[in-house]
Amino acid sequence: MSARMIFILALACLGALAVPSGCTPVALQPVTSTGLVVYSMGARQNTASLRLSLPPDQVYQGMLEMLERRPHVSVINRNDKRYLLEVDDRGRQLTGQATDLGRGETLLFIWVDAGETGQTGQDLMQDVITTVCAELRVECEVQDI
């Protein structure tokens, strides 16, 4: 990932920190199982920030468990100390990084590139958000920016 991309990702993460949480807990789930999704749209590429009421190690573990169930997905980069995972899924590139916000909350930044698959970045991001929120058993409220 280039220095420019890292800078853009960092700015997006900082912008997402200013968004207040407005999530609704899932029925029969503890209040801590909520998330707020903020994303921007692009043609092939898309980014999203998920503010989750879960600790970062739990979010990262969920990412790894999703990966284990998808043997066709190739790992491009994995950094367990930074809770960072970059993968290629049949020509689609996905990156996720969990950052500790304190108080048991995590900012999960996701970047996707649909590549030449014919899928848009927005469609891919919606699929990823749905999968991540279901995997972590959180109900996520989406807020466009």
Side-chain angles (χ1 to χ4, degrees), residues 1-26 29 32-102 104-145:
M1 191 178 292
S2 70
R4 181 174 182 208
M5 181 57 74
I6 292 171
F7 178 72
I8 291 169
L9 294 176
L11 286 178
C13 288
L14 289 174
L17 290 175
V19 178
S21 180
C23 299
T24 309
V26 176
Q29 289 287 325
T32 60
S33 296
T34 60
L36 176 65
V37 180
V38 180
Y39 70 96
S40 61
M41 294 180 260
R44 283 183 21 186
Q45 299 177 345
N46 209 315
T47 60
S49 300
L50 286 69
R51 186 173 183 167
L52 304 168
S53 295
L54 296 169
D57 58 336
Q58 188 174 344
V59 172
Y60 187 64
Q61 184 60 40
M63 292 166 49
L64 295 175
E65 289 170 5
M66 285 184 271
L67 179 63
E68 288 173 6
R69 286 190 294 281
R70 293 164 175 80
H72 61 277
V73 176
S74 305
V75 175
I76 298 169
N77 184 18
R78 177 178 170 174
N79 186 323
D80 295 336
K81 289 184 180 184
R82 294 182 55 217
Y83 300 128
L84 173 75
L85 188 59
E86 291 181 73
V87 298
D88 181 272
D89 181 359
R90 295 174 266 192
R92 305 178 306 174
Q93 304 247 329
L94 300 94
T95 302
Q97 182 171 17
T99 303
D100 190 359
L101 295 176
E105 292 186 333
T106 299
L107 178 69
L108 175 59
F109 186 79
I110 302 172
W111 177 81
V112 300
D113 185 337
E116 301 297 327
T117 64
Q119 187 176 25
T120 67
Q122 180 181 4
D123 290 341
L124 176 56
M125 184 58 74
Q126 289 173 347
D127 291 346
V128 170
I129 290 170
T130 299
T131 301
V132 168
C133 293
E135 180 73 30
L136 296 174
R137 292 181 212 95
V138 298
E139 182 173 314
C140 296
E141 176 183 318
V142 177
Q143 179 178 354
D144 293 335
I145 57 171

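Quick note: residue numbers are just sequence positions, from 1.
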- [ ] Would you mind listing every salt bridge (Lys or Arg N to Asp or Glu O under 4.0 Å) that reaches into residues 109-118, with sequence neighbours excluded?
- [x] Arg44-Asp113, Arg44-Glu116

Task: Glu86 vs Gln93 side-chain heavy atoms within contact, under 4.5 Å - done: no

Task: Ile110 CD1 to Met63 CE distance, which is reported to the nearest 0.5 Å - done: 7.5 Å

TODO: Quick one: pull up CD1 in Ile76 and CG in Asp89 and give me the separation to the nearest 0.5 Å.
DONE: 10.5 Å

Task: Spacing of Gln45 atom CD and Leu124 atom CG [to the nearest 0.5 Å] - done: 11.0 Å

Task: Residue pair Gln58 / Leu54: nearest heavy atoms and the distance that separates them - done: NE2-CD2, 3.7 Å

Open item on the list: Working to the nearest 0.5 angstrom, can you tell me the gap between Gln97 CD and Asn77 CG?
Closed with: 9.5 Å

Open item on the list: For Asp57, give me all partners under side chain to side chain donor-acceptor pair (under 3.5 Å), at least two apart in sequence or on another chain.
Closed with: none

Task: Shortest non-hydrogen contact between Pro56 and Thr99, atoms and distance - done: CB-C, 4.5 Å

- [ ] Would you give the length of the straight line joining atom CE of Met125 to atom OG1 of Thr120, rounded to the nearest 0.5 angstrom?
- [x] 10.5 Å

- [ ] Supply the atom-to-atom distance Arg78 CZ to Tyr60 OH, rounded to the nearest 0.5 angstrom.
- [x] 4.5 Å

Open item on the list: Quick one, Tyr83 and Leu108 - any side-chain contact, counting heavy atoms below 4.5 Å?
Closed with: no

Report, one line per pair, each donor and acceptor closer than 3.5 Å where one atom sits in a side chain of residues 129-136; sequence neighbours left out.
from	atom 1	to	atom 2	distance (Å)
Thr130	OG1	Gln126	O	2.9
Thr131	OG1	Asp127	O	2.9
Glu135	OE1	Arg69	NH2	2.3
Glu135	OE2	Arg69	NH2	2.3

- [ ] Determine yes or no for a side-chain-to-main-chain donor-acceptor pair under 3.5 angstrom, with Thr106 supplying the side chain and Leu52 the backbone.
- [x] no

